[in-house]
Amino acid sequence: MLARLLPVWEKVRTGLWFTPAIISVGAAGLAWLALQVPGGLPPEAASMWWLHGGDATDAFDLLANLLTALITMATLALSITMVVLTLAAAQLGPRLIRSFIADQRTQLVLGLFIGTIVYLVLVLRTLHGELDADAVPRAAVTAGTALVLLSVFALLFYVHHLARSIVADTMIQRVGAALDQAIRAQLAPSTEAPVEKDGARPPGEHLPYAEVEATRGGYVQTVDVESILAQAQRDDAIVALDFRPGHHLLAGCALARVWPPTALGDALREAVREAVVIGDARTAAQDVEFSLRQLVEIALRALSSGINDPHTAVAVVDRLGRALALAMAQQPGRRAWRDQEGVLRLHARFPDFDGIVDAALNEIRQAAQGNAAVLIHLLATLDQLAGQTRHADHRRIIGEHVRMVAEAGRRSLEEPRDLAALEARRARALARLEDARGA
């Protein structure tokens, strides 16, 4: 159930409507509470300059004018937002619009505008010209004035925030922070007990097996391994999933393989289909590469001939280096799950360091052909990562990418000094790997 709710929560959390809706409900509650406060002026009203002291007509006119001004201000904020989203989609990529919409500060400011409008409407409907002076809800009118003043200052903050958010470096850091969070959530820290990766494999292709077919096509969003594991144990079966969250599947293709074939019954088939959540779009719920590919897209657009901004690509490489260093400090993605008796029940593919590095660097290396600055910086980042390798697998993977980047530079660079700088970085990275292997 949790695995099925994760994509829903991710969609709700990154939507532009959820936080404003919650704030609007709170504003309606605040309006009700404020209207319960007695409306008569207290004896010390002369010294309470901030408390509304007019009659019902004055209160109605004030709130009506404030409501009109606030609706105009909210419309302006939404228009600015759409302009920024359009510019961001053209410059950084349309997939990054999700990061703008999911930003909590943006949602809070828009929620403040909408909530204040709801508050003013609910208070305004209680005012009429025949209302006695002692019945005017002065506390509610005063609170509405304060909310509008707060909205004015929030608009200034909002414009400042949007102006900064469209800067490439700001977006790179925001997406990078989401990537770091995904790595910490989906890869276990190296200080914990080792997870089983390659120590157990599913039966080979030479043994007969049965398949569970997918009932619909789309992207794998989440996998509830616990429910599959529990049902596999009840049916004395071994289940293998040959995909990981983020992969695209076609309707009718094999969702899982089951050994022995006789163990595949209706209960296990239904458990597998219910556990694998398939949707129309990728989500960050269990997909480390989701945020990773957002960063890569920024670099690819920066390296395109239409933009030609290698400095942004270098900033992306720097941020990817920090994320890869964090991934190296985590354990490899888990592959095998056993029951309480130690019997292998489930084999699945979840993110590992090899796949993360490939997704981070391959496309950038390919797009940077002929760009000495980016290729040399790629090697410089790999050089730093080489000094932090902890396992033989890490050294092998980093060494492969050092070789591929160096080969790309040799094929595409013609300036001897660029080639010399490239070779110097390559030699330094390989020397670090040798030192790490000796240690």
Which atoms form the tightest heavy-atom contact between I183 and A323, and what is the distance?
CD1-O, 3.5 Å
If we ignore hydrogens and angles and just use 3.5 Å, is the side chain of R338 paired with the main-chain N or O of R345 as donor and acceptor?
no
Looking at R403 and E407, does any basic side-chain N land under 4.0 Å from a carboxylate oxygen?
no
Taking atom CZ of R273 and atom CG of L268, what is their separation to the nearest 0.5 Å?
10.5 Å
Determine whether the side chains of H401 and D358 contain a donor N or O and an acceptor N or O closer than 3.5 Å.
yes
Going through the checks in order, is the side chain to side chain donor-acceptor pair (under 3.5 Å) test met by Q231 and R234?
CA-CA 5 Å; Q231 188 61 46; R234 286 192 290 267; 2.7 Å; yes
Taking the side chain as everything from C-beta on, heavy atoms only, tell me whether L264 gets closer than 4.5 Å to R269.
yes
Starting at OG1 of T389, measure out to CG of L382 and round the result to the nearest 0.5 Å.
11.5 Å
Indicate yes or no: at least one non-hydrogen side-chain atom of E363 is less than 4.5 angstrom from one of R293.
yes
Between Y119 and A140 (side chain of the first, backbone of the second, donor and acceptor by atom type, cut-off under 3.5 Å), is there such a pair?
yes
Can you tell me if Q221 uses its side chain to pair, donor with acceptor, with the backbone of A281 under 3.5 Å?
yes
Would you say that T106 contacts I101 through its side chain, given a criterion of any heavy-atom pair below 4.5 Å between the two side chains?
no
Report the C-alpha separation of L241 and V225 in whole Å, then their side-chain angles, then the decisive distance to 0.1 Å, and conclude whether the side chain to side chain contact (heavy atoms under 4.5 Å, CB included) test is met.
CA-CA 10 Å; L241 307 178; V225 297; 5.5 Å; no
Start with the C-alpha distance between L122 and W32, add both sets of side-chain angles, then the distance that settles side chain to side chain contact (heavy atoms under 4.5 Å, CB included), and finish with yes or no.
CA-CA 8 Å; L122 293 178; W32 181 84; over 6 Å; no
Using 0.5 Å steps for rounding, measure from the CG atom of D383 to the CZ atom of R426.
12.0 Å
If you count the non-hydrogen atoms of other residues, nucleotides and ligands that lie under 6.0 Å from CD in E400, is the total more than 12?
yes
Where do A214 and I278 come nearest, in terms of heavy atoms and distance?
CB-CD1, 4.5 Å
Indicate yes or no: does R301 engage E297 in a salt bridge with an N to O separation below 4.0 Å.
yes
Return yes if some donor-acceptor pair links the side-chain N/O of S99 with the main-chain N/O of V175 below 3.5 Å, else return no.
no
Any side-chain heavy-atom pair of H247 and R244 under 4.5 Å
yes
Could you point out which residue of L66, I117, L112, V109 forms a side-chain contact (heavy atoms from CB on, under 4.5 Å) with S151?
L112
Under a 4.5 Å cut-off applied to non-hydrogen side-chain atoms, are D224 and E274 in contact?
no
Decide if atom CD of E415 counts as having more than 12 heavy atoms of other residues, nucleotides or ligands within a radius under 6.0 Å.
yes
Whether D280 and R216 form a salt bridge (side-chain N of Lys/Arg under 4.0 Å from carboxylate O of Asp/Glu) is what I want to check.
yes
Looking at every heavy atom in both L179 and L295, which two are closest together, and how far apart are they?
CD2-CD1, 3.9 Å
Under the side-chain hydrogen bond (donor to acceptor under 3.5 Å, both in side chains) rule, collect the residues that match up with Q173, sequence neighbours excluded.
R319, R322
Is any side-chain heavy atom of Q340 less than 4.5 Å from a side-chain heavy atom of Q233?
yes
If you count every heavy atom of other residues, nucleotides or ligands that lies below 6.0 Å from R410 atom CZ, does the total exceed 12?
yes
L320: which of T381, L292, I172 passes side-chain contact (heavy atoms from CB on, under 4.5 Å):
L292
Walk me through it: do F353 and D393 pass the test side chain to side chain contact (heavy atoms under 4.5 Å, CB included)?
CA-CA 9 Å; F353 186 69; D393 282 348; over 6 Å; no
List the atom of A168, the atom of L92, and the distance in Å for their closest heavy-atom pair.
CB-CD2, 4.1 Å
To the nearest 0.5 angstrom, please state how far the OG1 atom of T81 sits from the CZ atom of F100.
10.5 Å
Do other residues, nucleotides or ligands put more than 12 heavy atoms under 6.0 Å from the CZ atom of R395?
yes
To the nearest 0.5 Å, atom CG of L30 lies from atom CG of L35 at 9.0 Å
Do the side chain of T170 and the main chain of I166 share a donor and acceptor less than 3.5 angstrom apart?
no
What orientation do H248 and Y219 show, parallel under 30°, tilted 30 to 60°, or perpendicular over 60°?
perpendicular
Just one of L361, L422, V402, N371 clears the side-chain contact (heavy atoms from CB on, under 4.5 Å) bar with L378, so which one?
L361
H394 side chain near L385 side chain, heavy-atom distance below 4.5 Å
no
Would you give the length of the straight line joining atom CG of L62 to atom CG of L127, rounded to the nearest 0.5 angstrom?
10.0 Å
Does Q107 use its side chain to pair, donor to acceptor, with the backbone of F18 at less than 3.5 Å?
no
Could you pull out the closest heavy-atom pair between A336 and L344, with the gap in Å?
CB-CD1, 3.8 Å
F290 versus A284, closest heavy-atom pair with distance
CD2-CB, 3.7 Å
Is any side-chain heavy atom of F113 closer than 4.5 Å to one of L155?
yes
Step by step, would you call T312 with I307 a side chain to side chain contact (heavy atoms under 4.5 Å, CB included)?
CA-CA 10 Å; T312 295; I307 297 179; over 6 Å; no
